Trainee: 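Have a look at the structure that comes next, please.
Since we're looking at a predicted model, the values are computed, not measured.
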Amino acid sequence: MESFKHDVDLMINVSRILSKLTQQSACKAALSRIPSAFKLMLNLLSLYVTNPDLVVRLCFVLGNLTFRDDTIRATIFFDCQGMDSLVNVFSTYAPKEKDSSADQAKSEAVLVKLVRVIANLSVHPDIGPAIASSEQCVQLLMGVLAHKDPSSAEELVLNTIATINNLSYYNIDKSVIIKNQISFTELLARSEER
């Protein structure tokens, strides 16, 4: 992938294949032995952040990889500084009131997969507190709850609530989740009313 990273069509096709393969534990095990693959995927996220077709597939792959695997979670978060790339993608696709319905649909698809990656990372005992302390990440999660209607964006809202639930487990002084617990309660109540 590294040699052809500037060929977006090829990267979309490779990520499409990886999205299927990473659902298999043997593929996950093989990729876990190539930590540079994670760094490359995160670099591709940054390089093609405005290409939702590629970003959604890469986030799906990262979601598969981080599901039930603390070693991969730690590699992505600590060794690859993956949270920077993920927050950058989150900022790019965060709900905006002016988006056309086509843009909203693509953004929502990316966010569903991206929030799943963050939720998967957040269950790691060393990563969860760091994410819970990230003002930018928590504000982006709050933005999803503030702007998305559960009746039309159910999967995204549920993934966001699950992520917040995971992060609320960490009762640490720097937790932005705990500092904003009243705001979260109000957002959840408002979501229930819609």
Trainee: In terms of hydrophobic clustering (I, L, V, M, F, W, Y; side-chain heavy atoms under 4.5 Å; direct or indirect links), are L62 and V123 co-clustered?
Mentor: no
Trainee: Count the heavy atoms belonging to other residues, nucleotides or ligands that lie under 6.0 Å from CD1 of I182, then report whether that count exceeds 12.
Mentor: no
Trainee: Evaluate the criterion side-chain contact (heavy atoms from CB on, under 4.5 Å) for residue pair D84 and Q81; output intermediate values, then yes/no.
Mentor: CA-CA 6 Å; D84 293 337; Q81 289 79 43; 4.1 Å; yes
Trainee: Check whether any side-chain N or O of R73 sits under 3.5 Å from a backbone N or O of H124 as a donor-acceptor pair, and report yes or no.
Mentor: no
Trainee: Look at the side-chain heavy atoms of Ile, Leu, Val, Met, Phe, Trp and Tyr, link any pair under 4.5 Å apart, and say whether L10 and V56 land in one connected group.
Mentor: yes
Trainee: Is there a chain of hydrophobic side chains (I, L, V, M, F, W, Y, each step under 4.5 Å between heavy atoms) that links F78 to L31?
Mentor: yes
Trainee: Quick check on side-chain contact (heavy atoms from CB on, under 4.5 Å): which of I161, V157, L188 does P150 satisfy it with?
Mentor: V157
Trainee: Compare all side-chain heavy atoms of D149 with those of E154 and state whether any distance is below 4.5 angstrom.
Mentor: no
Trainee: Find the distance between CG (L86) and CD1 (I76) and round it off to the nearest 0.5 Å.
Mentor: 8.0 Å
Trainee: Please check if the side chain of N166 supplies one atom and the backbone of N120 the other of a donor-acceptor pair under 3.5 Å.
Mentor: no
Trainee: Determine yes or no for a side-chain-to-main-chain donor-acceptor pair under 3.5 angstrom, with S15 supplying the side chain and I12 the backbone.
Mentor: yes
Trainee: Would you say the side chain of F67 lies within less than 4.5 Å of the side chain of T22, judging by non-hydrogen atoms?
Mentor: no
Trainee: Apply side-chain contact (heavy atoms from CB on, under 4.5 Å) to the pair D53 and K106, showing each step before the final yes or no.
Mentor: CA-CA 8 Å; D53 296 329; K106 286 186 174 196; 4.0 Å; yes
Trainee: Rounded to the nearest 0.5 Å, how far apart are OG of S168 and CZ of F184?
Mentor: 9.0 Å
Trainee: Same cluster for V112 and L121 if Ile/Leu/Val/Met/Phe/Trp/Tyr side chains link at under 4.5 Å?
Mentor: yes
Trainee: Is S32 close to T71 at the side-chain level, that is, under 4.5 Å between some pair of heavy atoms?
Mentor: no
Trainee: Within the 4.5 Å heavy-atom criterion, are V61 and L21 side-chain neighbours or not?
Mentor: no
Trainee: What are the two closest non-hydrogen atoms of F77 and A130, and how far apart are they?
Mentor: CZ-CB, 3.7 Å
Trainee: Please report the closest heavy-atom contact between G82 and L42, naming both atoms and the distance.
Mentor: CA-CD1, 3.6 Å
Trainee: For the residue pair Q104 / E108, report whether a side-chain donor-acceptor contact shorter than 3.5 Å exists.
Mentor: no
Trainee: Are the side chains of L145 and I164 in contact, using a 4.5 Å heavy-atom criterion?
Mentor: yes
Trainee: Once you round to the nearest 0.5 Å, how far does NE2 of H6 lie from CG of L44?
Mentor: 9.0 Å
Trainee: Any heavy-atom pair between the side chains of N13 and R16 that's under 4.5 Å?
Mentor: yes
Trainee: Apply side-chain contact (heavy atoms from CB on, under 4.5 Å) to the pair M41 and S85, showing each step before the final yes or no.
Mentor: CA-CA 10 Å; M41 284 183 240; S85 296; over 6 Å; no
Trainee: To check you understand the geometry: which heavy-atom pair defines the closest contact between P35 and T75, and what is its length?
Mentor: CB-CG2, 3.9 Å
Trainee: For C59 and L45, work out which heavy atoms get closest and say how close.
Mentor: SG-CD2, 4.2 Å
Trainee: Keeping the roles fixed (side chain from Y93, backbone from V49), state whether a donor-acceptor pair exists under 3.5 Å.
Mentor: yes
Trainee: So if you build clusters from Ile, Leu, Val, Met, Phe, Trp, Tyr with side-chain heavy-atom gaps below 4.5 Å, do I127 and I178 land together?
Mentor: no
Trainee: Which atom names give the shortest non-hydrogen contact between S134 and V176, and what distance separates them?
Mentor: C-CG2, 4.0 Å
Trainee: Within the structure provided, determine whether S19 and L58 are in side-chain contact (heavy-atom separation under 4.5 Å).
Mentor: no
Trainee: For the pair L167 and L141, evaluate side-chain contact (heavy atoms from CB on, under 4.5 Å) and give the outcome as yes or no after the intermediate values.
Mentor: CA-CA 11 Å; L167 296 172; L141 291 167; 3.9 Å; yes
Trainee: Working to the nearest 0.5 Å, report the span between OG1 of T160 and CD of E155.
Mentor: 10.0 Å
Trainee: Verify, without hydrogens or angle tests, whether Q181 (side chain) and I177 (backbone) share a donor-acceptor contact under 3.5 angstrom.
Mentor: no
Trainee: Using atom types as modelled and distance alone, determine if a side-chain donor or acceptor of K148 lies under 3.5 Å from a backbone N or O of L156.
Mentor: no
Trainee: Measure from NZ or CZ of R116 to the centre of the six-membered ring of F60 and say whether it is under 6.0 Å with the direction within 45° of the ring axis.
Mentor: yes
Trainee: Output the distance between atom SG (C80) and atom CZ (F38), rounded to the nearest 0.5 Å.
Mentor: 7.5 Å
Trainee: Taking F90 as the fixed residue, which of I118, V117, V110 is the one that meets the side-chain contact (heavy atoms from CB on, under 4.5 Å) rule?
Mentor: I118
Trainee: Give the minimum heavy-atom separation between K5 and L47, together with the two atoms involved.
Mentor: O-CD2, 3.9 Å
